[in-house]
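Structure first, then comments.
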Amino acid sequence: MSNITIFLKEDKKNNIDEMIAYINKLKIPYGYSIRILKGSIEYLRELYESRIFFDNKDIHLFISEEVFIVDKEFFVEIINEFNKREDLYICGVKGSYINLDTLNIKKIYGNYYGYLNNSLTLFSNPPSEDINFIYDSIVFVRGDYILKNLYEPLYMLDNIRKAKGGNKKVGLLFLKEPSCIFNEESIILSREEKLEFIRRNSMESEYPLVSILIPTYNQTKYLKTALQSAIDQTYPNIEIILSDDSTTEEVKNFINPYLDKYNFITYVKHDPSNDFGLSNTLSLPSLAKGEYLSFLFHDDVFRLDKIEKMVGIIKDRKDISFVTSQRGIINSNGEFLSGPNHIFKAFNEDTLITRDNIGDLLIDSKCNFLGEPSVFLFKKSLKDRLFNFNNNKYISNGDLASCINFLIEGNGYYIGDTLSYFRYHSEQNTHNINLEKLGRIEWKELYLDMFYSGLLSFKEKFCINCSNRVSNFNPFGGVITQKVESFNIIGSDVINHSCPHCRCHDRERHLLLYIYKLDLVKKYMEGKKVLHIAPEVYIRSYLNDSNLDEYVCGDLNPIYPGMINMDITNIPYEDEYFDFIICNHVLEHIEDDIKALKEISRVLKKGGRAILQTPYSEDIEVSYEDNKIKDPLKRLLEFGQEDHVRIYGKDFFKRIESSGLKKDIYISDELFKSNEEKLFGFNKREDLLMFLKE
């Protein structure tokens with residue numbers, strides 16, 4: 001068995017690992033084994049001088065990082081041709097017509113194409129003055145010949161001269177088509193030439209079309225850089241589509257010269273909208289012809305090999321639905337920012353993202369490590385999964401929701417290298433306060449959507465308010481007397497009472513879950529006037545971020561900024577002012593609860609709803625109360641808390657109905673799975689006590 005040893009120089013910032021992966025897929029002639037070595041020039045020289053890798057039958061290939069191999073038969077054809085001449089000791093390979101001017105082939109051999117009728121043509125012993133044909137891009141060496149000065153063109157010429165002087169044969173291989181492309185900075189194969197080669201050799205399956213989709217709006221300051229980064233991609237088979245929902249002609253006028261110059265760029269005009277550009281963005285995939293799609297927002301930037309790297313992974317992996325990567329940040333001047341806060345680095349190496357690990361990864365990171373739309377590349381067949389998940393639309397976190405939704409169809413692949421740059425500047429939507437609020441709401445909803453769709457399984461308990469894993473919720477720290485316990489009260493969960501991280505109570509977590517499960521904000525509160533009595537911290541934060549017309553928070557003893565002093569028995573608002581009222585575990589504190597209920601009914605609009613969560617007992621018909629009990633300690637012993645004034649019985653509902661409100665109750669057991677009360681920490685016996693004013 002003979003060996004083929006491939007030496008890869010690793011002195012530059014090119015893609016050695018990608019080249020190794022590609023070489024491993026190439027066809028190797030029968031009777032040979034392949035081994036790949038990589039390292040610096042010094043390291044390869046040490047290996048060469050040690051002679052431990054050499055045998056007379058071995059073939060050694062020195063290949064520069066700048067070489068791009070495109071032909072799967074590359075090694076088979078060249079090694080077979082090399083072996084036809086056993087007296088040949090050094091052989092150079094030039095596989096691309098990009099070097100014609102440099103090599104001056106026409107001057108030496110006449111018409112270039114006239115000599116290339118066969119697949120390979122071997123020119124042995126070129127004239128001594130032209131031995132620089134064998135450069136350092138690709139060189140084959142017979143096993144017993146020592147080439148001491150690797151990748152140093154001048155020294156290589158000296159070695160070739162010595163070989164000729166020692167009657168050793170030197171050869172040069174020319175290929176009919178460019179099976180390999182040598183990319184020097186000054187010699188670049190144009191996109192048209194690459195595409196011509198791909199089509200001529202029926203290699204479309206190796207280079208499927210990729211559509212780069214650019215939504216634009218009212219600026220060209222950063223668009224020029226973004227667009228150029230798409231045009232200059234090393235991947236040859238792309239189309240670029242710009243959809244413009246600008247209110248001016250600036251973008252249209254800017255793009256016209258590009259349309260004249262590049263036939264792979266398309267421009268379309270989209271009607272302006274008030275949805276942060278979402279409809280414009282979502283219009284692009286239907287215009288795309290590519291098998292794979294990649295957004296590029298008009299202020300972001302691609303690294304020039306982004307598409308090539310990502311396609312190289314997704315097209316060879318049937319289990320992959322999308323590819324994303326580490327990304328960096330640039331400022332308004334295009335300067336690359338460094339430091340821990342300027343590189344979104346989720347992993348130290350390439351990582352597979354699966355349905356099984358996505359939940360833990362998100363909980364641990366608490367950030368969008370999968371990237372903005374400009375970062376990931378995905379299959380066009382998944383376009384209907386963009387910006388939605390579990391039948392819910394996402395805007396602020398649409399990129400994250402999209403990738404999670406893609407996982408329904410296949411795994412994701414995270415490249416641990418910075419392939420795109422997110423531009424941070426003062427004019428971007430990131431700074432829009434309404435979008436920031438929406439993002440905080442969507443983050444909680446995304447956790448729940450993942451849980452209910454089976455993409456998030458918790459190994460521990462989980463606080464939906466602060467998004468932390470919880471080994472155990474803290475039990476109620478107060479005293480529960482035997483008398484109070486005998487009432488079998490439906491209310492707080494005294495075992496899973498408070499979160500050890502954020503201190504929120506079970507009734508707050510439960511109410512937030514009700515709001516999500518029943519979509520209460522969109523159904524009854526969005527664009528409406530909402531009154532929240534004695535507001536809980538996290539519910540208040542959630543509703544503050546929601547799109548409400550007016551949100552009033554009132555308490556008898558307000559402690560947070562923005563809250564007003566309010567006595568629930570004398571609400572300082574006109575009749576039928578509010579569309580929705582939340583009064584969660586308050587009425588058991590109010591001595592004149594009948595008056596409070598009438599006030600709630602008075603300020604609630606017809607057709608409006610009120611949530612009146614209150615602990616009560618189904619074991620007693622009439623509420624237990626005694627207005628003579630004023631002492632806090634005695635109230636604790638009789639009613640379960642120092643400031644409680646009663647324990648409601650089943651007549652609680654009659655009291656509410658007497659104020660003009662009708663029951664609209666939702667049963668907890670019908671909404672939540674059997675394990676959710678332990679997971680999220682709430683009392684599954686406590687139904688949602690909602691009431692309607694007819």
Under a 4.5 Å cut-off applied to non-hydrogen side-chain atoms, are [X] and [Y] in contact?
| X | Y | answer |
| --- | --- | --- |
| Ile533 | Ile582 | no |
| Phe347 | Phe369 | yes |
| Asn405 | Asn388 | yes |

For this session: Classify the angle between the aromatic ring planes of Phe297 and Phe295 as parallel (below 30°), tilted (30 to 60°) or perpendicular (above 60°).
Result: perpendicular

Exercise. Is the backbone N or O of Leu612 less than 3.5 Å from a side-chain atom of Thr614, with the two atoms forming a donor-acceptor pair by type?
Worked result: yes

For this session: State whether a side-chain donor-acceptor pair under 3.5 Å links Tyr394 with Asp399.
Result: no

Exercise. Do we see a donor-acceptor contact under 3.5 Å between the side chains of Asp619 and Ser617?
Worked result: no

Problem set entry | Ion pair check, Arg609 and Asp664, cut-off under 4.0 Å | yes

Identify every side-chain donor-acceptor pair in residues 518-530 under 3.5 Å, counting partners at least two apart or on other chains, and give the distances.
residue: Lys523; atom: NZ; partner: Leu518; partner atom: O; Å: 3.4
residue: Lys529; atom: NZ; partner: Asp549; partner atom: OD2; Å: 3.0

Problem set entry | Under the ring pair (Phe, Tyr, Trp, His ring centres under 6.0 Å) test, residues paired with Phe680 that sit two or more places apart | Phe451

For this session: Tell me, please, which residues at least two apart from His510 pass ring pair (Phe, Tyr, Trp, His ring centres under 6.0 Å).
Result: Tyr514, Phe672, Phe682

Exercise. Partners of His585 by side chain to side chain donor-acceptor pair (under 3.5 Å), sequence neighbours excluded?
Worked result: Glu686

For this session: Tell me, please, which residues at least two apart from Asn390 pass side chain to side chain donor-acceptor pair (under 3.5 Å).
Result: Asp449

For this session: Examine Tyr624 together with Phe639 and report whether their ring centres are nearer than 6.0 Å.
Result: yes

For this session: Using the test side chain to side chain contact (heavy atoms under 4.5 Å, CB included), find all partners of Ile313 that sit at least two apart in sequence or belong to another chain.
Result: Val323, Tyr413, Ile415

